[in-house]
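So the structure is just underneath, and the comments pick up after that.
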Amino acid sequence: VKVVLAESVIDWAALLNVLWASLLGGVGVTAVFSLALMGATRAVDLRRDGRVAAATAYAVLTAVAGATVVAALVFGVLVMTAKD
Amino acid sequence: MENDLILAIVVATALAFDFTNGFHDTANVVATSISTRAMAPKVAVGYAAILNFVGAFLSLAVAATIAKGIVDADLINNQVVFGGLIGAISWNLITWYFGLPSSSSHALIGGVVGSAFVAKGPDAVFGEGLLGKVVVPAVVAPTLAFLVAGIAILVIYRMIGRLRPGSVTRGFKVGQVMSGGMLALAHGTNDAQKTMGVITLALITNGNLRPDDPTPFWVVVSAATAIALGTYMGGWRIIKTMGSRIIKMDTAQGFAAQGSGAAVILASTHVGFPLSTTHTISGGVMGAGAAKRISAVRWGVAGNIVLAWILTLPAAALIGGATYGVTRLFGTGAAGPMIVSVLIIAAIAAAFVRRVQHGSPITAAE
């Protein structure tokens with residue numbers, strides 16, 4: 001009886017989707033933002049030390065990670081506008 | 001004429017609820033940014049207010065129902081809605097006074113449940129709907145945000161642990177401004193729509209709109225304005241609780257809490273499993289603190305917050321039911337809602353005068 005009640009009350013499929021999407025979005029975006037931050041900091045330090053190639057690589061990493069974060073923000077706004 | 005008077009009272013009360021919703025929930029958006037000094041307090045609430053206003057226009061898929069699937073929609077009339085709104089407003093003000101973040105949406109549902117219960121008896125309330133749409137999400141939201149923010153902060157610390165603190169702090173402050181902006185937009189989109197739904201339903205009930213008519217533009221603008229003004233006023237007591245009384249956070253924790261909270265809310269919106277912004281952000285703040293050190297979280301404060309969440313539905317229901325009962329003492333006309341409204345306005349004015357005389361005990365500057 002408890003199982004039947006739980007199935008009728010809780011939308012398990014939606015709940016599972018919320019779980020994985022939250023973990024992916026929450027941990028993923030914060031990690032990518034941190035990656036951008038790390039890349040920017042390292043790029044500045046390496047450029048100051050005269051290691052241009054490594055600094056450029058970190059700058060590219062920062063740009064890609066930054067673009068990913070911006071894309072995630074745009075996706076977030078799209079989710080809001082598509083709400084029904 | 002009398003029905004129009006009730007309609008006007010319900011619309012004004014719905015906008016007052018919207019104002020308290022913004023006022024009460026400002027903390028969700030700005031508390032962590034203010035406590036880590038990512039933004040100055042007044043700048044933060046102004047920023048949140050503008051984005052709340054904009055968010056209200058992002059989606060206009062307003063369902064002309066309140067507590068859909070929780071109370072029998074056929075039994076809802078404007079007096080029931082009025083009782084529900086008073087229950088929600090009262091609970092918002094009580095929790096604000098004690099500096100406790102609680103869900104305005106759950107307060108509205110509780111108020112309507114209590115009002116409908118008194119109006120039509122137990123058959124008006126669907127237990128399964130209450131469990132599936134209120135109780136289960138109230139457990140899922142903070143737990144999930146706690147987990148996501150906890151993992152996120154551990155990942156962040158691992159990635160930035162050896163970097164210069166100055167640039168990291170500046171970077172996460174920028175991240176907090178962005179994640180706070182997303183939260184403010186999401187809050188405006190989700191919560192202003194509830195008021196739009198209430199007003200739209202009142203207009204339909206009164207015969208001013210047909211059920212398939214679009215939401216009038218004045219309803220959208222007034223709901224957006226009320227929630228933005230409430231947000232700009234800033235519920236500083238709750239901001240203080242969320243920003244510094246649960247944990248003393250650094251910028252990385254603030255970003256993890258806000259970023260994870262925004263992700264959870266948007267994921268739930270996308271999937272159609274709505275979760276409370278307040279429950280989510282509170283869970284995120286606790287998770288970001290506990291993952292660093294369990295004892296970093298002031299569990300006594302966290303316990304009081306959870307107690308407020310548990311009490312939200314029954315307390316708002318009690319007040320909503322009592323309000324409906326009082327209004328019905330004066331019949332089915334406008335007299336009851338008018339008398340209750342005058343009494344509440346007098347009580348708020350008295351509280352305001354008392355506050356002016358004694359000064360504000362907790363302000364943004366503290």
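Just so we're on the same page: letters track the sequence lines, and every chain starts at 1.
With a 4.5 angstrom heavy-atom cutoff, B/Val140 touches chain A only via side-chain atoms. Of the atoms belonging to B/Ile160, it is side-chain heavy atoms, and not backbone ones, that fall under 4.5 Å from chain A. The contact between B/Leu266 and chain A is made by backbone and side chain atoms together, counting heavy-atom distances below 4.5 Å. Neither the backbone nor the side chain of B/Phe57 comes within less than 4.5 Å of any heavy atom in chain A. For a residue to count as touching a neighbouring chain, one of its non-hydrogen atoms must lie under 4.5 Å from one of that chain's; by this rule B/Ile153 does not touch chain A. Both the backbone and the side chain of A/Leu35 come within contact range of chain B, with heavy atoms under 4.5 Å apart. Heavy-atom distances place the side chain of B/Val155, and not its backbone, under 4.5 Å from chain A.
Ranked by heavy-atom pairs under 4.5 Å with chain B, the list A/Ala40, A/Ala31, A/Ala72, A/Gly25 is led by A/Ala31. Contacts with chain A were tallied for B/Gly171, B/Ala252, B/Ala256, B/Gly284; B/Gly171 has the most, counting heavy-atom pairs under 4.5 Å. Taking B/Gly181, B/Ser179, B/Gly259, B/Ala267 one by one and counting their heavy-atom pairs under 4.5 Å with chain A, the maximum is reached by B/Ala267. Here A/Asp45 is the residue among A/Val69, A/Val44, A/Asp45 with the most heavy-atom pairs under 4.5 Å with chain B. Between chain A and the options B/Gly261, B/Ala262, B/Ser260, B/Ser167, the largest number of non-hydrogen pairs under 4.5 Å is found for B/Ser167.
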Start with the C-alpha distance between B/Phe172 and A/Leu37, add both sets of side-chain angles, then the distance that settles side chain to side chain contact (heavy atoms under 4.5 Å, CB included), and finish with yes or no. CA-CA 8 Å; B/Phe172 281 124; A/Leu37 206 55; 3.6 Å; yes
Carefully, step by step, assess B/Met182 and A/Val77 under the rule side chain to side chain contact (heavy atoms under 4.5 Å, CB included). CA-CA 8 Å; B/Met182 289 301 283; A/Val77 174; 4.3 Å; yes
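To the nearest 0.5 Å, atoms CZ (A/Phe33) and CE (B/Met159) are separated by 11.5 Å. Summarising the geometry, atom CZ belonging to A/Arg42 is positioned 8.5 Å from atom CZ belonging to B/Arg162; distances are rounded to the nearest 0.5 Å. Taking OG of B/Ser268 as the reference point, atom CG of A/Leu15 lies at 11.0 Å (rounded to 0.5 Å).
Shortest non-hydrogen contact noted between B/Ala152 and A/Gly26 is CB-O, 4.4 Å. Taking both residues in full, the closest heavy atoms of A/Ser22 and B/Val264 are given as OG-CA, 3.5 Å, listed atom of the first, atom of the second, then distance.
Checked options B/Val148, B/Leu144, B/Leu147, B/Val271; the residue passing with A/Leu19 is B/Leu144 (criterion: side-chain contact (heavy atoms from CB on, under 4.5 Å)).
Applying the side-chain contact (heavy atoms from CB on, under 4.5 Å) test to B/Val134 and every residue at least two apart in sequence or in another chain returns B/Ile70, B/His106, B/Ile109, B/Leu130, B/Leu313.
The contact list for residues 46-68 of chain A toward chain B, using heavy atoms and a distance under 4.5 Å, reads A/Arg48 by residue number.
For B/Arg37, the CZ atom counts as loosely surrounded, since its 6.0 Å shell holds 12 or fewer non-hydrogen atoms of other residues, nucleotides or ligands.
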